[in-house]
Amino acid sequence: MAIDTKHVGTSFEPVTMDIERGRLVAFARATGQVDPVYCDLDAARKAGHPDLPVPPSFLFAIELEVPDPFAWATRMDIDLNTVLHGEQRFDYHRMAYAGERLTASPRIDDIYSKHSGVLEFIVKRSAVTDEAGLPVADLTSIIVVRNPAVLP
Amino acid sequence: MNAVNAVVVGTELPALALPVISRGTLALFAGASGDSNPIHIDLDVARSAGLDDVFAQGMLSMAYLGRLLTNWVPQQQIRSYGVRFVAITPVLGQPTCTARVTAIEDVDGERRATLELAVKLADGTTTLTGDAVVALS
């Protein structure tokens, strides 16, 4: 196995992101979202939200808000060009809104291989919390590393 | 929401058909999502990795499926949402998102539906499969 399993249990530096309205509007535009609840503050408030809502998959962006979002790969001696995003999961505790300061705390939960090591899997979990430290969502990523050197 | 009140196992949500994914969309999504992996936006990097072209971020399709969910229920009713990325979405691919109710249960004092999710391209390739749990009331 090319990836050292000593990394299981490793926690990475928590990443904090100020959720900005403009960024959420840009995300809505990039994903073709035309529902005004996600891009118009008045519409969001009329729908009962205190501010623009953070859409279901946006929380993934928090961890990427650092100078080198792929430092975890470098640290584990993984070539980014061999990496694929295999699975992504969100378990929600509550909605999040523009104006909040959210923190993601990533951790490597598991590393395993399949097909005699041709594919390796990294399970990364990130708890997203608010300024009070209360849970907002739990993210689980499964990262697939292709290991062509192992192929016969 | 009347549509949600009438939900039974087997109910299909209104599908979400997306336009063709352009290189421009990939660039906008890279900026907005913070996913700066150049393999999605820089042809030179894609070629150096042995690919013919850049391909779409998996999280772009996950955002599209998220739109299908929030078109159906207010987002505060979504309890969990997960996907598997089963095939690459090439540039100029045209995805359609679908969802179907596979179970309805009472959990923690609320009625919840489990949805089976998929994204398919116009050529029939399934690119994402997944599931979500939403509260119905």
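We use all heavy atoms of the structure for the numbers below, so side chains are in, but hydrogens, waters and symmetry mates are not. Just so it is clear: chains get the letters A, B, ... in the order the sequence lines come, proteins before strands, and each one is counted from 1. Since the structure is predicted, the reported quantities are computational estimates derived from the model, not experimental observations.
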Test of understanding: clusters of I, L, V, M, F, W, Y form through side-chain heavy atoms closer than 4.5 Å, transitively. Do Leu28(B) and Leu92(B) belong to the same one? no
Under 4.5 Å from any heavy atom of chain A, what part of Arg79(B) do you find: side chain, backbone, both or neither? backbone
Check Thr31(A) against Tyr64(B) and note the closest heavy-atom contact, atom names and distance. O-CE2, 3.3 Å
Side chain proximity check, His49(A) to Gln76(B), heavy atoms < 4.5 angstrom: yes
Please check if atom NZ in Lys120(B) has more than 12 non-hydrogen atoms from other residues, nucleotides or ligands closer than 6.0 Å. no
Going only through I, L, V, M, F, W and Y residues with side-chain contacts under 4.5 Å, is there a path from Val7(B) to Val107(B)? no
Chain B interface, residue from Gly32(A), Ala47(A), Ala61(A) that has the most non-hydrogen pairs under 4.5 Å: Gly32(A)
For chain B, find which of Val25(A), Asp91(A), Asp35(A) contributes the most heavy-atom pairs closer than 4.5 angstrom. Asp91(A)
Selection from Ala49(B), Ala132(B), Ser33(B), Gly66(B) maximising heavy-atom pairs under 4.5 Å formed with chain A: Ser33(B)
Given the options Leu139(A), Val83(A), Thr140(A), Val54(A), which has more heavy-atom pairs under 4.5 Å with chain B than any of the others? Val54(A)
Out of curiosity, Asp68(A) CG to Ser36(B) OG, how far, rounded to the nearest 0.5 Å? 8.0 Å
Are Val136(A) and Met95(A) connected in the hydrophobic side-chain network, where two residues link if heavy atoms are under 4.5 Å apart? no
For a quick test of reading the model, state the closest non-hydrogen atom pair linking Leu60(B) to Ala30(A) and the distance between them. CD1-O, 4.0 Å
From Gln33(A) atom CD to Asn71(B) atom CG, the distance as rounded to the nearest 0.5 Å: 6.5 Å
Pair Phe29(B) and Phe27(A), ring centroids less than 6.0 Å apart: yes
Val37(A)-Val73(B) co-clustered via ILVMFWY side chain contacts under 4.5 Å: no
Side-chain donor-acceptor pair under 3.5 Å between Tyr38(A) and Gln75(B), yes or no? yes
CZ of Arg94(A): more than 12 outside heavy atoms within 6.0 angstrom? yes
Can you tell me how far apart CE (Met62(B)) and CD (Glu87(A)) are? Round to the nearest 0.5 Å. 10.0 Å
Between Asp131(B) and Arg89(A), is a side chain to side chain contact (heavy atoms under 4.5 Å, CB included) present by the stated rule, with each step listed? CA-CA 9 Å; Asp131(B) 62 88; Arg89(A) 168 158 213 95; 3.4 Å; yes
Linked, directly or transitively: Tyr97(A) and Leu24(A) (ILVMFWY side chains, under 4.5 Å): no
Is the closest side-chain heavy-atom distance between Thr70(B) and Pro55(A) below 4.5 Å? no
Looking at CG of Leu80(A) and CG of Asn37(B), how far apart are the two atoms once the value is rounded to the nearest 0.5 Å? 5.0 Å
Any side-chain heavy atom of Phe85(B) within less than 4.5 Å of one from Leu84(A)? no
What one should report as the nearest heavy-atom pair of Ile78(B) and Pro56(A) is CD1-CG, 4.1 Å
Just do the side chain to side chain contact (heavy atoms under 4.5 Å, CB included) check on Arg84(B) and Gln88(A) with the steps written out, would you? CA-CA 7 Å; Arg84(B) 288 184 67 204; Gln88(A) 181 62 43; over 6 Å; no
Side chain from CB out, backbone as N, CA, C, O: work out which of these in Val66(A) comes under 4.5 Å of a heavy atom of chain B, or both, or neither. neither
Return yes when atom CG of Asp123(B) has more than 12 non-hydrogen atoms of other residues, nucleotides or ligands closer than 6.0 Å, and no otherwise. yes
Can you tell me how the ring of Phe90(A) sits relative to the ring of Tyr81(B), calling it parallel under 30°, perpendicular over 60° and tilted otherwise? parallel
Return the OG to CE distance between Ser141(A) and Met59(B), rounded to the nearest 0.5 Å. 7.5 Å
